[in-house]
Q: 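Here's a structure for you.
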Amino acid sequence: MSVSYDKLWKLLIDKKMNRTELKDAAGISFNVLAKLGRNEFVSMESLQKICQTLSCNIGEIMDFIEEDTVEHQGN
């Protein structure tokens, strides 16, 4: 199972906020931001900080993607 943060990037656009502003406002590190950009897993603490900053729930910033779905999209 993999993860996608596409919802997070769309939410930032809606809130007219860039990634650096999110990093500073949420108090997350550049490394966490880089992992988000690569759709890698990050700590629940980091996700909680982001949700608190954006006043949203975790389902509004990320999705879990079944591996079968990812493989079939390439075919």
Side-chain angles (χ1 to χ4, degrees):
M1 184 169 288
S2 60
V3 65
S4 169
Y5 299 104
D6 289 348
K7 288 181 176 181
L8 172 60
W9 311 131
K10 290 175 186 171
L11 186 58
L12 287 182
I13 291 168
D14 291 344
K15 293 185 177 279
K16 296 178 179 19
M17 180 182 274
N18 66 38
R19 294 178 185 209
T20 303
E21 291 168 336
L22 173 66
K23 179 183 76 68
D24 295 340
I28 58 174
S29 69
F30 177 79
N31 288 338
V32 169
L33 192 62
K35 284 184 173 188
L36 293 169
R38 293 190 303 264
N39 287 324
E40 295 179 3
F41 288 101
V42 299
S43 72
M44 286 299 295
E45 181 182 5
S46 296
L47 294 172
Q48 184 270 332
K49 288 178 181 180
I50 292 168
C51 288
Q52 188 173 13
T53 300
L54 299 176
S55 301
C56 67
N57 289 315
I58 196 164
E60 296 176 76
I61 63 169
M62 65 175 289
D63 281 317
F64 289 110
I65 300 173
E66 295 290 333
E67 293 301 323
D68 289 346
T69 305
V70 174
E71 290 173 13
H72 290 304
Q73 287 177 351
N75 292 332

Q: Could you give the distance from NZ (Lys23) to OG1 (Thr53), rounded to the nearest 0.5 Å?
A: 12.5 Å
Q: Mind checking whether Ile65 and Trp9 sit in one hydrophobic cluster, side chains of I, L, V, M, F, W, Y counted as touching below 4.5 Å?
A: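 Unlinked, Ile65 and Trp9 end up in two clusters.
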Q: Kindly compute the distance separating NZ (Lys35) from OG (Ser29), expressed to the nearest 0.5 Å.
A: 8.5 Å
Q: Find the distance between CD (Glu67) and CE (Met1) and round it off to the nearest 0.5 Å.
A: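 One gets 8.0 Å once the value is rounded to the nearest 0.5 Å.
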Q: According to a 4.5 Å side-chain heavy-atom criterion applied to Ile, Leu, Val, Met, Phe, Trp and Tyr, with indirect links allowed, do Leu22 and Ile13 form part of one hydrophobic cluster?
A: no
Q: Does some side-chain heavy atom of Met44 sit less than 4.5 Å from a side-chain heavy atom of Ile58?
A: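 Yes, at least one pair of side-chain atoms sits under 4.5 Å.
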Q: Going by the rule side-chain contact (heavy atoms from CB on, under 4.5 Å), which residues pair with Gln52 if we only count those two or more places apart in sequence or in a different chain?
A: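 For Gln52 the side-chain contact (heavy atoms from CB on, under 4.5 Å) partners, ignoring immediate neighbours, are Gln48.
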Q: Rounded to the nearest 0.5 Å, what's the gap from CD1 on Ile61 to SG on Cys51? Could you check?
A: 3.5 Å
Q: Looking only at atom types and distance, does a side-chain atom of Asn57 sit under 3.5 Å from a main-chain N or O of Gly59, one as donor and one as acceptor?
A: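 The answer is no, because no donor-acceptor pair under 3.5 Å joins these two groups.
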Q: Rounded to the nearest 0.5 Å, what separation is found between the OG atom of Ser2 and the CD atom of Glu40?
A: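 Going from the OG atom of Ser2 to the CD atom of Glu40 covers 11.5 Å.
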Q: Taking the side chain as every heavy atom from C-beta outward, state whether Met17 and Leu54 have any atom pair closer than 4.5 Å.
A: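 With C-beta onward as the side chain, the pair touches.
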Q: Do the side chains of Leu47 and Tyr5 get nearer than 4.5 Å, heavy atoms only?
A: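 The answer is yes, as the side chains (C-beta and beyond) meet within the 4.5 Å cut-off.
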Q: I would like to know whether Ile50 and Val42 meet side chain to side chain contact (heavy atoms under 4.5 Å, CB included); could you show each step before the answer?
A: CA-CA 11 Å; Ile50 292 168; Val42 299; 5.9 Å; no
Q: Tell me, please, which residues at least two apart from Glu21 pass salt bridge (charged side-chain N to carboxylate O under 4.0 Å, His left out).
A: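 Expected list: none.
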Q: Of all residues at least two apart in sequence or in a different chain, which pass the salt bridge (charged side-chain N to carboxylate O under 4.0 Å, His left out) check with Asp63?
A: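 Salt bridge (charged side-chain N to carboxylate O under 4.0 Å, His left out) list for Asp63, sorted by chain: Lys7.
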Q: Hey, what do you get for CZ (Phe64) to OG (Ser4), rounding to the nearest 0.5 Å?
A: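 Here the rounded value is 11.0 Å.
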